Amino acid sequence: MNVQPFPSYVVNMPNLEELHLKDCSLTGQIPGEIGQLGELTSLQLQNNRLSGAIPSSIANLQGLRELSVQGNALDGAIPDELT
């Protein structure tokens, strides 16, 4: 299995509506810049090897309707603004 860091180029796609990277063997942290993806409605990152906290900037994604991060080694809770 090839492990890969979270793809940094994704945060440079401001019009991205759905990001589905489940079961991709991603490592590292979810970048804080993810909160700049203002059009994002679905973020699926389940079953990877992501670690650290869910960035608080994710609360900036006001249109986010689906967040799936289970199956990782993430710390802390989902920001209150999303619950």
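None of these values were measured; they are calculated from a predicted model. Residues: numbered from 1 along the sequence shown.
With values rounded to the nearest 0.5 angstrom, Leu37 atom CG is found 13.0 Å from Glu18 atom CD. Note: Leu40 CG to Leu16 CG = 5.5 Å, rounded to the nearest 0.5 Å. For the atom pair CG (Asn48) and CG (Leu21), the distance works out to 7.0 Å, reported to the nearest 0.5 Å. Here Cys24 contributes atom SG and Leu50 contributes atom CG; the two are 9.5 Å apart, rounded to the nearest 0.5 Å.
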Take Leu45 and Phe6, measure what side chain to side chain contact (heavy atoms under 4.5 Å, CB included) needs, and give me the verdict at the end.
CA-CA 10 Å; Leu45 301 174; Phe6 192 97; 3.8 Å; yes
Please step through side chain to side chain contact (heavy atoms under 4.5 Å, CB included) for the pair Leu74 and Ile30, ending with a clear verdict.
CA-CA 9 Å; Leu74 297 169; Ile30 301 170; 4.2 Å; yes
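Residues Pro55 and Pro31 come closest through the heavy atom pair CG-O, 3.8 Å.
Using a 4.5 Å cut-off on side-chain heavy atoms (C-beta onward), Leu26 and Asn72 make no contact. Looking at heavy atoms from C-beta onward, Asn47 lies out of side-chain contact with Lys22 at the 4.5 angstrom threshold.
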Under 3.5 Å, side-chain donor or acceptor atoms of residues 58-69 against the rest of the protein: list the pairs with distances, not counting sequence neighbours.
from	atom 1	to	atom 2	distance (Å)
Asn60	ND2	Ser57	O	3.3
Arg65	NH1	Gln62	O	3.4
Glu66	OE1	Ser42	OG	3.0
Glu66	OE1	Gln44	NE2	3.3
Glu66	OE2	Gln44	NE2	3.0
Ser68	OG	Gln46	OE1	3.1
Ser68	OG	Gln70	OE1	2.9
Ser68	OG	Gln70	NE2	3.4

